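Here's the structure, in structure tokens; my notes come after.
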Amino acid sequence: FNTEMHDPDEKTVLGVKIPAGGGIEDGLKVLDILAHHPSTARFVSRRLAQCFLADDPPASVVEKMAQTFTRTEGDIREVLKTMLSTSEFWSEGAYRAKMKSPLEMVVSAVRALDAEVESALGLAFTLDDLGQPLYRKSEPTGYSNTSEAWVNSTALLARMNFAQALAANSIPGVRIDLGRLGNTQSPDPLRVAKALLPGTDAPSAAVARGSSLSQVVGLILGSPDFQRR
């Protein structure tokens, strides 16, 4: 706080008067006004629901979360518990409705294959290609939470290329042992799909039959099923 740069006169912020003669407490008062404003409760609640539930979350869920935010004075844990307790969160339409961001896709692929990462530089370069470079988002809002930002022909092709490169051990600094997934020359695509896509029907496995294990793995990692959370 710099006293010489501060305006000590009376101010009105969002309808609330701040009396003259204040110092650093003026800034703290503004933060308090913003934190308790109904729009803040709705904004934070919608962003949380957008991240964990759906790109366009139900207004009823957002409103319940906003009410909890207001009642608990911004307790995020309680706000999330409210979201998790709604029937909409557990509905069939919400199941795997969110698409992975490039970072989520890359990390989940490396984890699914239990890869040994000696250097993450190659993966960082991959994120550049996929449109989500690390620590390079200049706007304070961060990268998008919605699928719209990541779904286009160029981005999806880049994801498929990454999946094939990862499965073929072509990402520098990353090594994968595909042997645990089956015979490298005559794999069982369904077994591989079940290992990489637990809880799904894995339709992509059917068209992979007859390919090498690395091709099967690459195809499954690049499939629409794997792109969803």
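Since the model is a prediction, treat every value here as computed from it, not as a measurement.
No more than 12 heavy-atom neighbours from other residues, nucleotides or ligands sit within 6.0 angstrom of NZ on Lys29. The local environment of CZ in Arg77 is sparse, with at most 12 non-hydrogen atoms from other residues, nucleotides or ligands closer than 6.0 Å. Crowding of Lys81 atom NZ: a count of heavy atoms from other residues, nucleotides or ligands under 6.0 Å not exceeding 12.
Considering CG of Leu28 and CZ of Phe1, their distance stands at 9.5 Å, rounded to 0.5 Å. Interatomic distance, CD of Glu63 versus OG1 of Thr82, reported as 11.5 Å (0.5 Å rounding). In this structure, CG on Leu219 lies 7.0 Å from CD on Gln164, to the nearest 0.5 angstrom. Note that CZ of Arg175 and CG of Leu166 are 10.5 Å apart. Values are rounded to the nearest 0.5 Å. Between Arg228 atom CZ and Ser147 atom OG the span is 6.5 Å, to the nearest 0.5 Å. Atom-to-atom distance recorded for Met105:CE and Arg159:CZ is 6.5 Å, nearest 0.5 angstrom.
Arg42 and Val62 make their closest contact through O-CG1, 3.9 Å (heavy atoms, listed as atom of the first residue, atom of the second, distance). Ala163 and Gly222 make their closest contact through CB-N, 3.6 Å (heavy atoms, listed as atom of the first residue, atom of the second, distance). Contact record, Leu181 with Val192: O-CG2, 3.6 Å, taken as the closest heavy-atom pair. Residues Lys137 and Glu139 come closest through the heavy atom pair CE-OE1, 3.1 Å.
The other members of the hydrophobic cluster of Met99, by chain and number, are Val151, Leu156 (side-chain heavy atoms under 4.5 Å, ILVMFWY only). Hydrophobic cluster membership of Met65, counting Ile, Leu, Val, Met, Phe, Trp and Tyr whose side-chain heavy atoms lie under 4.5 Å apart directly or via other members: Phe43, Val44, Leu48, Phe52, Leu53, Val61, Phe69, Ile76, Val79, Leu80, Met83, Leu84, Phe89, Trp90. In the hydrophobic clustering, Tyr143 connects to Trp150, either directly or through intervening members, whenever side-chain heavy atoms lie under 4.5 Å apart.
Looking at residues two or more places apart in sequence or on another chain, you find no side-chain contact (heavy atoms from CB on, under 4.5 Å) involving Asp177.
A distance-only check finds no donor-acceptor pair linking the side chain of Glu10 to the backbone of Gly21 [under 3.5 Å]. Under a 3.5 Å cut-off, the side chain of Ser223 and the backbone N or O of Ile220 do form a donor-acceptor pair.
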N/O donor to acceptor pairs below 3.5 angstrom from side-chain atoms of residues 116-132, sequence neighbours left out:
from	atom 1	to	atom 2	distance (Å)
Ser119	OG	Leu121	N	3.4
Thr126	OG1	Gly122	O	3.1
Gln132	OE1	Leu103	N	2.8

Can you give the donor-acceptor pairs under 3.5 Å from side chains of residues 12-20 to other protein atoms, not counting sequence neighbours?
none

Given salt bridge (charged side-chain N to carboxylate O under 4.0 Å, His left out), test Asp56 with Arg46 step by step and report yes or no. CA-CA 9 Å; Asp56 186 18; Arg46 177 174 170 76; 3.8 Å; yes
